[in-house]
Every structure is written in C-alpha cells, then in structure tokens.
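Hydrogens, waters and symmetry mates play no part in the numbers below; they use all other heavy atoms, side chains included. Everything quoted here is computed from the prediction, not taken from an experiment. Naming convention: chains lettered A, B, ... in sequence-line order (proteins, then strands); numbering from 1 in each chain.
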Amino acid sequence: MEEKKEEKKPQNRVPMREQNPLVRAKNFMEVPYGYTPEEAVAEASRCLSCLKPACRSGCPVAIDIPSFIKLIREGKFIEAAWKIKEDNALPAVCGRVCPQEIQCESMCILGKKGDPVAIGNLEKFVADYERDRGEVQIPEKSKPTGRKVAIIGSGPAGLSCAADLIKSGHQVTLFEALHKPGGVLIYGIPEFRLPKAIVEKEVAYIEKMGVEVIVNAVIGKLHTIDELFNEHGYDACFIATGAGLPMFLGIPGENLNGIYSANEFLTRANLMKAYLFPEYDTPIKRGKNVAVFGGGNVAMDSARVALRLGAEKVYLIYRRSQAEMPARKAEIHHAHEEGVEFLLLTNPIRFIDDGKGNVNAVECIKMELGEPDQSGRRKPVPVKGSEFQITIDVAIPAVGTRSNPLLTQSIPDLVLNKRGYIVADEETGMTTKRGVFAGGDILTGSATVILAMGAGRKAAKAINEYLKWSHWETRTFIR
Amino acid sequence: MFTIVKKTELSDLVILFEIEAPQIAKKAKAGNFFVVKIHEQGERIPLTIADFDRERGTITAVFQKMGKTTSHLGTLKEGDSLSDVTGPLGMPSHIEQFGKVVCVGGGVGIAPVYPIARALKEAGNTVISIIGARTKDLIFWEDKMRSVSDELIIVTDDGSHGRKAVVTVPLDELIREGKDIELVYAIGPAIMMKFVCATTEKHAVKTIVSLNSIMVDATGMCGACRVEVGGETKFACVDGPEFNGHKVDFNLLMARQRMYIDEEKIAFEQYKKKTGVQ
C-alpha cells in the first residue's frame with residue numbers, strides 16, 4: 001500500500017463509528033465498532049512522524065507509538081501489534097480504557113491546531129486485528145532461570161508483571177482471589193466498554209506464554225506470603241491486589257436495600273453477569289430511578305450499566321462541576337449521549353426509606369464553588385436552604401475506595417502508610433520486606449489501568465535485578 | 001475441581017457435604033467460612049466451615065435447601081464437583097479459656113457452632129450446648145455436639161424431640177440459675193440470634209454471634225454484607241462474620257437478608273419448572 005499524502009495531512013481525525021446512543025443504552029454490546037483497515041490507514045497517515053515524538057513520553061509504558069503507526073500506514077497491521085506488545089502486554093485493553101486525552105494524545109503536535117492522532121483507536125484496531133486473525137505471537141523466552149515468582153492479584157498490574165517476568169525465564173504463578181482472572185478488567189469495567197471475551201483472550205495469551213494462573217486463591221488466608229517463600233519455594237512476590245474496600249458516603253440511611261457500592265453493582269453486573277438473570281443466578285436490582293454519586297470512570301460505568309438494566313431515569317450526582325470530573329472525556333460524553341442526567345454541584349445529605357427497609361428517595365443540597373482547596377480545585381460549599389429530594393429506588397455511591405487489609409494484615413513485617421496502603425519505592429515496587437514488591441492501586445490508591453500496568457512493568461524489572469543479584473537495599477523511600 | 005467425597009442427608013432439607021479442598025482444610029479454623037459457586041452461571045454463596053479434616057484434606061458444609069442454589073447443591077451426588085470453592089474466609093473465632101460457656105445452635109446453625117464448641121472445649125472451657133430446631137427431623141449432630149459438650153440441651157418448637165421450647169428458654173434458666181456463664185456463642189437464624197442477645201443482654205453476659213449476610217466476593221471488595229455494629233458499618237466478610245451480638249442491628253440484618261426475596265422466588269420457580277425438583 002503506497003501512501004503519498006506527505007504534504008497534505010487531513011486536519012480532522014477519522015471518526016469512530018459507534019452504536020446509536022439510544023439503541024446501545026439498552027444493550028451490553030461494545031459502543032464503538034472499531035476502525036476498518038482503510039480507516040486505520042487513513043488515520044495513521046495523519047501522523048507527522050515527528051523526529052522527537054512527544055506522544056511516547058506521554059505514555060506511562062513508553063510504547064513506541066510512531067513506529068507502530070508507521071507500520072499501520074504501511075498496512076503491516078500484525079507487525080504493528082507486535083511492536084506495541086514489546087512494551088505493553090494488553091493493547092486491546094489499553095486501546096479501550098486508557099485516558100489517552102491526558103496521556104499520549106495530549107502530547108501530539110497535531111493537537112495544537114486540531115485533533116491529535118487517534119492513538120487509542122489505532123492501538124485498539126491493531127490489537128483486535130491481530131486477535132481476529134488468530135495470529136497472536138508468543139514472544140521468545142529467555143532460558144529458564146529456575147526462579148519462582150508469585151504474583152498476588154491478576155488485574156492489570158499483575159498481568160503486565162507476569163508477562164514480563166515469564167519472558168525473562170522465571171517460573172510465574174498468578175494468584176487470583178475471585179473465580180476468574182483479570183481483576184478490575186473482569187469485575188469492574190463493563191462489557192460495553194471492554195468485552196470480557198477480550199480480557200479472557202489477553203489472559204489466555206499470558207497463560208500461553210507459560211504463566212500459571214490459580215483462581216479462588218485468597219492469599220493472606222489460603223497461604224501467607226511467608227508460606228509462599230518457605231513452603232512453596234517462591235523467590236519473590238509481587239503484591240498487586242488493587243485498591244479494595246469501597247467507600248460509602250457516610251450519610252444516614254446508606255445501608256438501606258437498593259444502595260450498592262459501585263464495586264458491588266459492577267461486580268454483580270460484570271463478573272457475575274447479573275444482567276442475564278435469571279439465566280445467571282446472581283440477582284441485581286433493576287432500578288426505575290437510579291442515582292449514582294461521583295464523577296469518575298466508575299461512576300460513569302455504573303450509570304451506564306443502570307441504564308442498560310432498564311432504568312427510566314439515571315441521575316449522576318456530583319458535588320463539583322463537570323470541569324472537575326476525573327472521568328475520561330469519552331465516558332462523560334457517552335453517558336450524556338445515552339441520556340444520563342447530570343446533577344452537578346449537588347451533594348447528597350441523607351437517604352429516605354419506604355418504611356420497608358428500601359431506599360425511596362435521596363435528599364440533596366446544592367453546592368457552589370468556593371476557594372481552591374488543597375488539590376487546587378475550587379472547593380464546593382453547600383448553598384443554604386437549597387435542599388431538595390429525588391425519588392429513587394437504587395443508589396450507587398462511586399466515591400472511591402480504601403485499602404483492603406485482608407492481605408496486608410497477614411504480613412506483620414510490611415510497613416503501611418496511615419491510609420493502609422503499602423509503603424514502597426515507586427520506581428521499583430520494593431517494600432520493607434525482603435523479596436516482596438508491590439504496585440498498582442494497593443500502593444497509590446485508585447488510579448488507572450495503564451498506571452497499574454506501568455507499575456507492574458517497573459516491578460518486573462526490579463524483580464529481575466533482585467533475582468539476579470539477591471541484593472536487597474531498602475533505600476530512602478522508607479522514612 | 002472440588003469433589004464432593006461424602007454426602008449425607010441429615011434430614012429432608014438439611015444436607016451435609018464433605019468436599020475435597022486440601023489447602024483450605026489445612027488452614028481452616030473454627031469460625032471461618034468459604035464461598036462456593038456450583039457452575040459457570042452460578043452465584044457465589046457463603047457457607048460456614050462446619051468441620052475440617054486436615055489429614056483427609058476435606059472441609060464439611062451443612063446447608064438447608066431454601067432456594068435455587070441450595071436446592072441445586074442438594075441434587076449433587078458423591079463424586080460430583082463444584083466449579084469454585086474459595087476459603088478459608090472471615091476472621092476465625094477467638095478461642096481462649098473463658099471458664100463456662102454456652103454454645104447455642106439453631107437449625108443449620110448447629111453445624112457452624114460445632115467446631116467452635118469443640119475448640120472451646122479443647123481450650124479447657126466448660127461447654128454447655130443448646131441445640132434447637134422447629135421439629136425433630138431438623139435436629140442433627142446430636143452425638144457430635146454431645147461429644148464436645150459437658151451438657152447438651154435439645155429443644156424443638158413442637159416438642160417432637162427434647163424440650164418443647166425455643167433456645168432462649170433454657171438459656172435464660174441457665175443464666176438465672178447463677179451458673180456464672182462467661183460467654184455465649186449463638187449461631188442460627190437472625191431472629192434467633194436477636195432473641196438470644198436480648199436474653200443475655202438483660203444479664204450482661206457477653207454474646208458472640210456469626211452473621212449470615214448476603215455476600216458476593218466475600219473478600220471485602222463489594223460491601224454487600226454490610227451490617228451495623230455499635231452504630232458503625234462493618235463488613236461481615238472481613239470484619240466478621242462474628243461480632244458482639246449486643247451491638248448488632250438485627251433488624252437491619254434481617255431487612256438486608258430479604259433484599260432479593262422477589263428475585264429468589266423467580267429464580268426458584270424457574271428452576272423448579274425446568275428440573276421438576278420440588
């Protein structure tokens with residue numbers, strides 16, 4: 001395929017075709033259809049192939065973006081997928097869920113005058129292309145080292161760490177507490193944003209490389225970390241158990257029936273497939289009027305799942321304004337399009353019951369933006385006398401998570417910070433316990449898939465060094 | 001795969017499974033529970049570990065056929081496998097030498113109270129056990145309970161076996177007789193635990209209950225099992241399942257247990273139609 005459009009680059013990006021918002025709000029199928037090969041080549045041709053590609057520095061795992069885009073331009077889609085996989089074991093996932101607009105795409109020079117290259121869409125395209133063609137390549141592995149690494153948690157941090165370590169020739173076991181591997185990719189992110197078949201294939205790829213995956217294994221209960229070292233012969237551990245415990249709003253009535261943490265709502269819908277009840281056994285309340293609290297991706301996901309479960313009205317209640325919402329732009333846009341009603345600068349005060357233990361309404365108060373707070377964002381303050389009630393039958397607080405102590409409390413010699421997260425060197429994941437590394441949300445609190453993957457890769461590198469030299473130096477990170 | 005190596009029908013409704021799960025058996029302690037999922041479309045349900053055999057590598061569960069999942073479980077036979085078994089979960093019972101303790105088991109609650117009574121007995125306590133059920137057929141493990149108790153009291157609602165009474169009657173008598181009881185353990189339906197606590201609270205006898213909330217992941221991730229203890233929200237799966245009974249909001253527990261009553265009916269009806277199971 002010979003492309004000679006070097007001089008005249010199209011200004012606008014090739015749009016992504018999507019399911020009609022009103023149709024898709026009633027089904028769980030993926031929202032975007034994905035590029036065709038022609039569309040991908042056209043979009044790739046917009047890339048200026050900068051001498052000093054800024055996009056790459058915007059990527060937490062430093063994917064060689066210009067090279068894979070060049071391969072797409074040349075029609076070498078499979079090679080493009082392999083190119084990404086040199087740095088990222090899960091391109092089909094990242095192409096779908098990364099916040100590209102604040103990462104790679106935010107650095108693209110084209111973005112100064114128009115749309116940046118649609119790097120995320122292109123990543124998704126090549127990963128899907130490779131998978132659909134059944135040409136998934138298993139990378140070469142180093143000679144077996146005879147060393148064993150246990151990875152606790154099979155979410156994005158665990159999966160990417162496992163992929164790197166297996167390539168280095170170590171024996172790798174991935175322990176998962178739930179009955180299916182994938183962590184947040186399986187239980188958290190809904191089908192219409194990340195089809196579970198894709199996650200299953202990504203996990204299968206990791207297994208094909210030789211990683212042993214053990215589900216139903218709650219480390220801290222079934223085995224302690226010391227038992228993994230002393231009785232099971234592991235030489236190093238990587239803790240990637242995620243953020244864990246859901247936070248609630250701390251307002252009266254929040255244990256009424258019909259009020260779910262976003263974690264529970266999404267786990268029922270995604271992991272347990274409650275949207276297929278009674279074909280699947282796990283039930284979920286199909287609310288008529290649903291209120292979701294929060295402004296992040298998890299809030300958007302919850303609102304959009306509630307719509308798909310048949311809600312007539314879904315309110316997204318957020319105490320700041322839309323500009324402060326931490327969700328991906330695309331998710332906010334999709335939620336709007338599908339009919340989620342945003343109640344901004346609004347804060348819930350209490351839930352009201354129906355006399356039978358079910359939630360019947362939420363009382364809210366209007367907020368206005370005051371002085372900037374510690375985060376630099378203007379602090380919302382309540383407007384006196386502006387209370388009002390909304391009738392609801394399902395409520396979903398999506399207001400973040402706390403650290404889950406289940407594993408950490410079983411490791412007395414591991415230092416935690418005052419919020420219960422593991423204290424570790426961010427560059428290497430080294431903790432205060434010899435041979436134990438940690439990364440992802442259990443270190444940082446709730447963050448993104450790609451940051452967790454980046455942490456997994458950094459830890460894999462450090463674990464390699466540790467296994468090579470058996471050198472353990474606790475550096476300045478421990479204060 | 002987790003194979004059912006032994007199945008005993010303790011009554012028409014109450015079934016015992018011994019399940020091959022050597023790693024869980026190795027770590028299980030009194031008070032722990034596990035999560036079971038029968039097959040791909042199944043739900044995750046928590047069951048208390050009623051016994052464990054570290055040598056044979058098995059755990060024992062006792063359950064009552066109530067709805068779809070437990071009825072389906074009840075149709076499984078020796079040699080059949082469960083797709084997922086996860087555990088041991090929850091905080092184990094706190095066992096020490098307290099002196100004189102009373103262990104109360106109601107209905108299927110007899111099963112989880114047994115390993116606790118045994119552990120308390122082994123720790124040197126004087127153990128008085130009260131087991132009760134609606135009717136004779138629902139009483140099981142009488143011999144097992146007797147073997148770990150200094151005294152065993154049996155009650156049934158209809159008087160078909162043991163005394164015609166509810167568990168709180170002999171419990172109240174024991175306390176009134178001045179038997180200097182240090183601690184009461186009570187496991188059974190929420191309503192029974194509520195009344196046990198009402199009885200012991202009058203006499204300020206410390207009471208531990210094990211809460212059977214609805215759970216999903218059972219590792220602290222979802223909060224489905226949240227309960228209020230002393231005005232604070234706790235997760236039964238990781239903070240419990242055992243709590244100081246005098247501080248538990250049982251009305252909330254009971255309301256939350258009924259959350260899916262309609263859905264449970266739909267699922268059960270459909271299951272019965274499909275399988276012909278009654």
Turns out that what part of B:Ile214 lies under 4.5 Å from chain A's heavy atoms comes down to side chain

Whatever's closer than 4.5 Å to a heavy atom in chain A on B:Val35 counts as neither

The interface call for B:Glu228 against chain A, heavy-atom contacts under 4.5 Å, is side chain

CZ of B:Arg256 to CG of A:Asn257, rounded to nearest 0.5 Å, is 6.0 Å

Honestly, the part of A:Asn255 sitting under 4.5 Å from a heavy atom of chain B is both

Bottom line for B:Thr219: the part with an atom under 4.5 Å from chain A's heavy atoms is both

When the 4.5 angstrom heavy-atom criterion is applied to B:His72 and chain A, the contacting part is neither

Is any side-chain heavy atom of B:Arg226 closer than 4.5 Å to a side-chain heavy atom of A:Ile259? yes

Turns out that what part of A:Leu178 lies under 4.5 Å from chain B's heavy atoms comes down to both

When the 4.5 angstrom heavy-atom criterion is applied to A:Lys221 and chain B, the contacting part is both

Turns out that what part of B:Tyr271 lies under 4.5 Å from chain A's heavy atoms comes down to neither

Is the shortest side-chain heavy-atom distance between A:Lys180 and B:Glu40 below 4.5 Å?
yes

message = Could you tell me if the side chain of A:Asn216 sits less than 4.5 Å from the side chain of B:Val85, heavy atoms only?
response = no

> Between B:Glu263 and A:Lys285, does at least one N-O distance fall below 4.0 Å, as a salt bridge requires?
Replying inline: yes

Does any non-hydrogen side-chain atom of A:Met272 lie less than 4.5 Å from one of B:Val216? yes

ask   = So do the side chains of B:Phe235 and A:Leu245 get within less than 4.5 Å of each other, counting heavy atoms only?
value = yes

Looking only at B:Glu264, B:Gln270, B:Arg258, most heavy-atom pairs under 4.5 Å shared with chain A are made by B:Gln270

Whatever's closer than 4.5 Å to a heavy atom in chain A on B:Ile24 counts as both

Determine whether A:Glu227 and B:Lys27 make a side-chain contact, defined as any pair of heavy atoms from C-beta on separated by less than 4.5 Å. yes

Under 4.5 Å to a heavy atom of chain B? For A:Ile284 that would be backbone

The reported gap from CZ in A:Phe277 to CD1 in B:Ile266 (rounded to nearest 0.5 angstrom) is 5.5 Å

So, the part of A:Phe265 with a heavy atom under 4.5 Å from chain B: the answer is neither

Per-residue tally against chain B (heavy atom, under 4.5 Å) across A:Leu271, A:Asn263, A:Asn358, A:Leu266 peaks at A:Asn263

| message | When you compare the side chain of A:Pro283 with that of B:Glu43, does any pair of heavy atoms fall below 4.5 Å? | response | yes

Cut-off 4.5 Å, heavy atoms of chain A, and the answer for B:Phe2 is side chain

Looking only at A:Val215, A:Thr282, A:Leu222, A:Leu406, most heavy-atom pairs under 4.5 Å shared with chain B are made by A:Leu222

If one checks every heavy atom of A:Leu256 against chain B at 4.5 Å, the contacting part turns out to be backbone

In terms of heavy-atom pairs under 4.5 Å with chain B, the winner among A:Arg268, A:His223, A:Gln409 is A:Arg268

Max heavy-atom pairs within cutoff under 4.5 Å with chain A, candidates B:Met91, B:His39, B:Lys26, B:Arg44, goes to B:Arg44

Ranking B:Ala255, B:Ala218, B:Gly87, B:Gly220 by heavy-atom pairs under 4.5 Å to chain A gives rank one to B:Gly220

_Could you check whether any side-chain heavy atom of A:Pro405 comes within less than 4.5 Å of a side-chain heavy atom of B:Val238, counting everything from C-beta outward?_
no

